Number of protein chains: 2
Amino acid sequence: MTKNFSFIEKLRETGLRPTKQRIKICEVLFNREKTFHFTINDLVKKISEELNEKISLATVYNTVHALQKKGYLKEISINSNKSYFDTNTSVHHHFYDEDTHQLIDCNENEIESVKVKNNITGKKINSVEVLVRVASDNQNQN
Amino acid sequence: MTKNFSFIEKLRETGLRPTKQRIKICEVLFNREKTFHFTINDLVKKISEELNEKISLATVYNTVHALQKKGYLKEISINSNKSYFDTNTSVHHHFYDEDTHQLIDCNENEIESVKVKNNITGKKINSVEVLVRVASDNQNQN
DNA sequence: CAACAGTTTAGAATAATTATAATTTATAAT
DNA sequence: ATTATAAATTATAATTATTCTAAACTGTTG
């Protein structure tokens, strides 16, 4: 499995021991074309589907948080009871489908660049993110 | 208590029965100068502090959700394990101070209105919110 | 290969929220 | 007014996501 050497390197470079579990989680997260939006539960499901393995829930939490801390994953601000993560760590925007609870990347050209005219004094802007909440046209009114 | 007549009216107009509990919650939420960012727990505390009353937790949840559904409260997207609500229901944005974990309203003129050029087909846009994450200039790297 | 710190693990604990089902209340009809 | 009703409140249980714990295991270093 040549492809995993890179993960082993990456992990070691970052100061994370390349354990079996972490390598597998990296495979699932980063061996894909499209960026991946997921909750912990999504990830656990992918692990069992794609690798036919079971990694303890606590380990999945630990690893995702470790990868996030090291800048390989980004947590997205949605008000949901669950945390959403994104393998695309660049600053970008999202649609959140309130019917299906899915996060969808905005293409660069779908939202005009947001201009922040005044910042809080003494602070640096780390990111400017837009969340567009959408839902079916019919099920809006209570 | 003349001031409560307005809440009784508002509730009834909206199709919500003006119960004792709902009127009290409205008092706490809306009888204030500044807009109020709160979690359910904050609100329960305010109720007991300001009114010296105890309203069942379930009722607080129900009422806040009812008021939100009717457009009198807005839920804010922050990734926290708790839900944050805002008495300011106008379209407006927030700064999130990553040092202090505080939410700060953006004034109307601080962010240019966001234009969403393409929406997901078959969906209606419910909200467009910007979160500007800020932090001290010096403490960014982990 | 031995030692040790770092990881993994199952399961318990915690915290926010939602569901349940009995009681109470607001209102409309009498 | 009184009653009937649907809606709301309540205490408590259930659920869900997440974190904690402590024991077992594993990767790395010498």
Side-chain angles (χ1 to χ4, degrees), chain A residues 4-5 7-28 37-48 51 53-70 73 75-85 98 101 103 142, chain B residues 4-5 7-28 37-48 51 53-70 72-73 75-85 101:
Chain A
N4 290 340
F5 280 130
F7 295 133
I8 293 173
E9 282 312 302
K10 272 261 166 59
L11 286 167
R12 220 190 306 261
E13 276 170 27
T14 324
L16 297 172
R17 275 194 190 169
T19 63
K20 272 186 300 183
Q21 292 85 344
R22 283 173 176 171
I23 294 163
K24 275 167 194 157
I25 288 172
C26 283
E27 272 188 67
V28 173
H37 295 131
F38 63 95
T39 63
I40 296 293
N41 204 37
D42 295 337
L43 179 53
V44 169
K45 236 184 269 169
K46 287 272 183 202
I47 291 166
S48 76
L51 303 185
E53 300 259 359
K54 201 208 159 280
I55 297 176
S56 148
L57 190 59
T59 300
V60 178
Y61 271 99
N62 289 341
T63 301
V64 165
H65 287 146
L67 291 173
Q68 182 205 2
K69 212 168 187 175
K70 299 297 186 177
L73 289 175
E75 195 173 358
I76 300 168
S77 296
I78 301 285
N79 48 20
S80 159
N81 51 335
K82 308 175 223 206
S83 292
Y84 281 78
F85 296 89
E98 294 183 332
H101 301 281
L103 262 183
N142 52 305
Chain B
N4 290 341
F5 278 130
F7 295 132
I8 293 174
E9 282 312 301
K10 273 260 166 61
L11 286 166
R12 220 189 307 260
E13 276 171 25
T14 323
L16 297 172
R17 278 194 186 169
T19 63
K20 272 184 300 181
Q21 292 84 346
R22 283 173 176 172
I23 294 163
K24 276 165 193 159
I25 289 171
C26 284
E27 272 188 67
V28 173
H37 295 133
F38 65 95
T39 64
I40 295 293
N41 204 37
D42 295 337
L43 180 51
V44 169
K45 237 183 270 171
K46 288 271 184 205
I47 291 166
S48 77
L51 302 186
E53 300 261 359
K54 200 207 161 281
I55 297 177
S56 149
L57 190 59
T59 299
V60 178
Y61 271 99
N62 290 341
T63 301
V64 166
H65 287 145
L67 291 173
Q68 181 204 3
K69 214 166 183 176
K70 298 298 186 176
Y72 293 110
L73 289 175
E75 195 173 357
I76 300 169
S77 297
I78 298 288
N79 47 19
S80 160
N81 52 334
K82 309 174 221 206
S83 293
Y84 280 79
F85 296 90
H101 301 281

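As the structure is a prediction and not an experimental result, all values here were calculated from the model. Per chain, numbering begins at 1; letters A, B, ... match sequence-line order.
The nearest whole Å value for the distance from the NZ atom in B/Lys20 to the P atom in D/dA7 is 20 Å. Distance B/Glu13 CD to C/dT27 P: 14 Å, rounded to the nearest Å. Rounding to whole angstrom units, CD of residue A/Glu75 and P of D/dA17 are separated by 15 Å. When rounded to the nearest whole Å, the span between NZ of B/Lys82 and P of C/dT14 equals 16 Å. Rounded to whole Å, atom P of C/dT9 lies 8 Å from atom CD1 of A/Ile25. Across the protein-nucleic acid pair, A/Gln68 atom CD and D/dT19 atom P stand 10 Å apart, rounded to whole Å. Between the OH atom of B/Tyr84 and the P atom of C/dA15 there is a distance of 15 Å, rounded to whole Å. Rounded to an integer number of Å, the gap from B/Lys70 NZ to D/dA7 P is 12 Å.
The phosphate of C/dT27 (OP1 or OP2) has a side-chain N or O of B/Arg12 nearer than 4.0 angstrom. For the pair B/Gln21 and D/dT10, the criterion of a side-chain N or O lying under 4.0 Å from OP1 or OP2 is met. Taking 4.0 angstrom as the limit, A/Tyr61 places a side-chain polar atom (N or O) nearer than this to OP1 or OP2 of D/dT18. When the side-chain nitrogen and oxygen atoms of B/Ser83 are compared with OP1 and OP2 of C/dT17, one or more of them lie within a distance under 4.0 Å. Side-chain nitrogen and oxygen atoms of B/Thr19 include none within less than 4.0 Å of the OP1 or OP2 phosphate oxygen of D/dA8. Phosphate proximity of C/dT7 to A/Arg22: present, with a side-chain N or O under 4.0 Å from OP1 or OP2. Under 4.0 angstrom from either OP1 or OP2 of C/dA10 there lies at least one side-chain N or O belonging to A/Lys54. Taking only side-chain nitrogens and oxygens, B/Ser56 never comes nearer than 4.0 Å to OP1 or OP2 of D/dT9.
Side-chain atoms of B/Thr14 do not come within 3.5 Å of backbone N or O of B/Leu16 as any donor-acceptor pair. Here the side chain of B/Thr63 pairs no donor or acceptor atom with the backbone of B/Val60 at under 3.5 angstrom.
Of all heavy-atom pairs spanning A/Leu103 and A/His37, the tightest one is O-ND1, 3.2 Å. Closest approach of A/Gln21 to A/Ile55, counting heavy atoms only: O-CD1, 3.8 Å.
Considering only side-chain atoms of A/Ala58, the nucleotide from D/dT9, C/dT9, C/dA26 that sits closest is C/dT9. Side-chain atoms of B/Arg17 lie closest to D/dA7 of the nucleotides D/dG27, D/dA7, C/dT17.
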For A/Thr59 and A/Asn62, what are the C-alpha separation, side-chain angles and deciding distance, and is it a side-chain hydrogen bond (donor to acceptor under 3.5 Å, both in side chains)?
CA-CA 5 Å; A/Thr59 300; A/Asn62 289 341; 5.2 Å; no
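Counting non-hydrogen atoms under 4.0 angstrom, B/Leu57 reaches a base of the nucleic acid.
The nucleotide D/dT18 finds its pairing partner in C/dA13, both defining distances of the Watson-Crick or G-U wobble pair being shorter than 3.5 Å.
Across the interface with DNA chain D, nearest-nucleotide mapping of B/Asn81 and B/Gly15 shows B/Gly15 to be the residue nearer the 5′ end. Nearer to the 5' terminus of DNA chain D, by closest-nucleotide assignment, is the contact made by B/Leu16 (compared with the other of A/Asn41 and B/Leu16). Residue whose closest nucleotide on DNA chain C sits further toward the 5' end, between B/Pro18 and B/His65: B/His65.
Atoms NZ and CG, on B/Lys46 and B/Leu51 in that order, are 11.0 Å from each other to the nearest 0.5 Å.
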